[in-house]
Amino acid sequence: MRCRLLLTGHNDGFTNMGIDESIMIHVGQGISPPTIRLYGWLPPAVSIGYFQGLEEEVDLDMCKNLETDYLRRITGGGAVFHEKEVTYSISIPEADRLIPDNVLESYKVICGGIIEGLKELGISSKFVPLNDIIVEGKKISGSAQTRRNRTVLQHGTVLIDTDVAKMFSLLIVPSEKLKDKLISDVKERVTSINSVLRREVAFEDVVFALAKGFERSLDIELEEGKLTSNEMKLAQELIRDRYKNPEWNHRR
Amino acid sequence: MVKVGNCTYKVPNGKLLKVTVESENDKIEKVLIRGDFFIHPEESLDDLELALSGMEYFRKNVADTVGEFFSRSDLIAFGITPRAVVDAVMMCKEAQK
């Protein structure tokens, strides 16, 4: 099967989420082909899950100080600090042979692409339900999925590097007293490509490896394409009406 | 008098649930359920919050409504269970005291 590959480089969080949703809608309407997109975040951003309370999870003043955007995703799951990572998204009809009906199974199938991509970089990893990929017991990737209009959108992060202290300055922690303990706990539980390989790996190299990983794992042929003008137009509307809209971001 | 109760509840083998309940004279006025769980379709959680509003604030009523919600045929949930939602909503009542 052929699948479109979009390499959109680094964009701000509003644009990134607007593009993902726009692609999903166009795939759902049968206008756009199944698509895998690989991208980064600039400036860095905190995204929260669909059901999370914004001010409960994110220190908005600190975000302003550290020039970090914040926004609510259309997918569930937890708060994520996006900085040194490659994010993937896949939009594909539910009916596609690649996608098991069972949501749990479909996470596993799609995450297979990440595992194969990490292998390409010399990292051996495994899937842990519901939505994590771990290396030597530590999390290196997390994903979230939604299904609308008989279309699956799954997006997730692959960490190139981590800054746990910075992450916790942006997220609300239950108590300042426990903050140091929390930081050391998370350092024990989270890893990154750079940390595993003990060298600095370039964004482009991770992108290339993940593209290969998806091709091999899903047995598809990726063909590099571009966002269509309609996809861009809808993305702009979603950025304005949803992702930059305080009503959306503060709704819980 | 309107009372507000909050509760943070770790779902056994699941995600973190944060619930706020406003009530007056043992009648639920408003419920807000937040957390890092997954529910498909996402918008359906609004229906549960709405269904709980206006209800007598007793465990049995809450459990019936929550149970009915989770048994909807189109609903898929991860990291959150009917039991956990009921427990958390009732813990908010304790927290109001």
Whether over 12 other heavy atoms sit under 6.0 Å from [X] [atom1]:
| X | atom1 | answer |
| --- | --- | --- |
| E68(B) | CD | no |
| R83(B) | CZ | no |
| K179(A) | NZ | yes |
| K108(A) | NZ | no |
| D74(B) | CG | yes |
| E136(A) | CD | no |
| K187(A) | NZ | no |
| K30(B) | NZ | no |

Just how far is it from atom [atom1] of [X] to atom [atom2] of [Y], taken to the nearest 0.5 Å?
| X | Y | atom1 | atom2 | result |
| --- | --- | --- | --- | --- |
| I76(B) | D101(A) | CD1 | CG | 9.5 Å |
| Q52(A) | R34(B) | CD | CZ | 10.5 Å |
| F38(B) | F51(A) | CZ | CZ | 9.0 Å |

Which of L45(B), L16(B), L32(B) touches chain A most, by non-hydrogen pairs under 4.5 Å: L45(B)
Pair R252(A) + D46(B): basic N to acidic O under 4.0 Å: yes
Heavy-atom contact with chain B under 4.5 Å, split by part of I48(A): neither
A144(A), part contacting chain B, at a heavy-atom distance under 4.5 Å: both
Heavy-atom proximity to chain A below 4.5 Å, by part of E43(B): both
Minimal non-hydrogen separation, V103(A) against H40(B), with atom names: CG1-NE2, 4.2 Å
Note, R73(A) side chain near E42(B) side chain (heavy atom, < 4.5 Å): no
Option in E56(A), E57(A), Q145(A) with maximal non-hydrogen atom pairs under 4.5 Å from chain B: E56(A)
